[in-house]
There are 2 protein chains.
Amino acid sequence: MTTTARPSAARERILETAFALFYARGIRAVGVDLIIAESGVAKATFYKHFPAKDDLVVAYLDKVDGVWTGQLEAAAEAAGPDPADQLVGLFDALGTACRREGYRGCAFINAAAESQPGTAVHDRTVAHKTAVLDWVRTLAERAGARDPESLARSLTLLLDGGLASGSLDASPDAPKAAKASAQALVEAATAA
Amino acid sequence: MTTTARPSAARERILETAFALFYARGIRAVGVDLIIAESGVAKATFYKHFPAKDDLVVAYLDKVDGVWTGQLEAAAEAAGPDPADQLVGLFDALGTACRREGYRGCAFINAAAESQPGTAVHDRTVAHKTAVLDWVRTLAERAGARDPESLARSLTLLLDGGLASGSLDASPDAPKAAKASAQALVEAATAA
DNA sequence: AACCTAACAGACAGATCTGTCTACCTGCAA
DNA sequence: TTGCAGGTAGACAGATCTGTCTGTTAGGTT
């Protein structure tokens, strides 16, 4: 029972390497051989932890989900206790992400572009987007929006648009416009 | 001088095949061998018209640009003579696109996800997004928006978000929410 | 009839990709 | 001391990918 923690060091190294390479270059563009070399692991070890490349891809998306969801929640929380402010504040996470060196768009949208509907990878992407939409909807409900569903839709649309554009346009105008629009939509949707 | 039209039949067949396959399966997922077999063309003919695969990819994006821009303009025009209405009406093209069988998101965002910044393919994507933004901006100016630049940004954000989400969520709610939000933003930006 | 252009047909080279398999090593626990 | 779990090292198979090259065929022009 002592076993040095199930998440072995080798596995962690592989995942860390994949995280960086998949995001920076795309999933298909990165072969398992490169990940193996870069993470200094034996091939057999790689295939022991991830029986197929797609298993690693899904694990990579799990990791991205954790990171991005955390940033979204942190930005919302930083905006104060008012749910309406939180809905707007969450867009600060977008600005921060786009400004980051090596930003290359939304990992999920990118993964979806490289996978076919019905595969585990594609499903993982859909699950992520659904989870974000659900979370924003509860925030919209708490903010007392007249139509929380459609406000949540609009805000996630804005968010996805910003995520996608951020990699095509270096200017910070997109995140700014996204936040400003979010503010306008939230105000309109919660006005007495 | 009679030459059966410079855009030869073989070239057209290749491009047509690439258009369908690249969009449906992704660029990296489709090899030139498949395009050659599917379009019933000889390998030498293929490489005569497109010296490298990337040349075909750029031609594919040119074609998508023509089609999508046309649909956007048609939708705007169909909304009537008022520029403000046209800004909203353009979102009908989004709904139509998402509803289409085999819809798989924005070909440009997808291509960007599979290419590196600085390549011809990536540049073509940026050029497309810039062109759309410019066009929306002139519409916003004609509509008398207080800040045409930022209204155009917001609307293209909404558009890109809808384009990206459309492939992850079969429901027609995303395009509907996009149009409704666009309406609200246009009204707010042009109100006296 | 001679010629030329565009296209067809397909072998081939060389790289790369995923996944399997054998063999060896090391540290710990019974 | 024995056994085992987890790791290292790397050859190998089989598929697939881009791009080149040789040779043939068909149609139109001069």
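Chain identifiers are assigned alphabetically (A, B, ...) following the order of the sequence lines, protein sequences preceding nucleic acid strands; residue numbering begins at 1 within each chain.
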Asker: Find the distance A:His49:NE2 to D:dG6:C1' and express it as a whole number of Å.
Answerer: 8 Å
Asker: Rounded to the nearest angstrom, tell me the gap between atom CZ in A:Phe50 and atom P in D:dG7.
Answerer: 11 Å
Asker: A:Phe46 CZ to C:dT20 C1': how many Å, rounded?
Answerer: 14 Å
Asker: Are A:Ser165 and A:Asp169 linked by a side-chain donor-acceptor pair shorter than 3.5 Å?
Answerer: no
Asker: Round to the nearest Å and state the distance from B:Arg25 atom CZ to D:dT16 atom P.
Answerer: 13 Å
Asker: Quick one: A:Lys48 NZ to D:dA9 P, roughly how many Å, whole number?
Answerer: 17 Å
Asker: Under 4.0 Å between a side-chain N/O of B:Arg13 and OP1 or OP2 of C:dC8, yes or no?
Answerer: yes
Asker: Ignoring backbone atoms, establish whether B:Thr45 has a side-chain N or O less than 4.0 Å from OP1 or OP2 of C:dC8.
Answerer: yes
Asker: Kindly list each side-chain donor-acceptor pair under 3.5 angstrom involving residues 72-90 of chain B, sequence neighbours excluded, with atom names and distances?
Answerer:
unit_1, atom_1, unit_2, atom_2, d
B:Asp82, OD1, B:Ala84, N, 3.0
B:Gln86, NE2, B:Gly80, O, 2.9

Asker: Using a cutoff of under 3.5 Å, can you pull out all pairs of nitrogen or oxygen atoms linking the protein to nucleotides 17-20 of chain D, with atom names and distances?
Answerer:
unit_1, atom_1, unit_2, atom_2, d
D:dT18, OP1, B:Lys53, NZ, 2.9
D:dT18, OP2, B:Val32, N, 2.7
D:dG19, OP2, B:Lys53, N, 3.0
D:dG19, N7, B:Lys43, NZ, 3.3
D:dG19, O6, B:Lys43, NZ, 2.4

Asker: Checking A:Phe108 now: which residues fulfil ring pair (Phe, Tyr, Trp, His ring centres under 6.0 Å) with it, not counting sequence neighbours?
Answerer: A:His128
Asker: State whether A:Ser8 places a side-chain N or O below 4.0 Å from either non-bridging phosphate oxygen (OP1 or OP2) of D:dG7.
Answerer: yes
Asker: Could you name each residue pair satisfying salt bridge (charged side-chain N to carboxylate O under 4.0 Å, His left out) that touches residues 27-46 of chain A, not counting sequence neighbours?
Answerer: A:Asp33-A:Lys43
Asker: Return the set of residues passing side chain to side chain contact (heavy atoms under 4.5 Å, CB included) with A:Ala97 (not counting sequence neighbours), or none when no residue passes.
Answerer: A:Trp68, A:Arg100, A:Tyr103
Asker: Could you please name the option among C:dA6, D:dT8, C:dC8 that lies closest to any side-chain atom of A:Val41?
Answerer: D:dT8
Asker: Show which residues join A:Leu168 in its hydrophobic cluster (side-chain heavy-atom contacts under 4.5 Å, direct or indirect), or state none.
Answerer: B:Val126
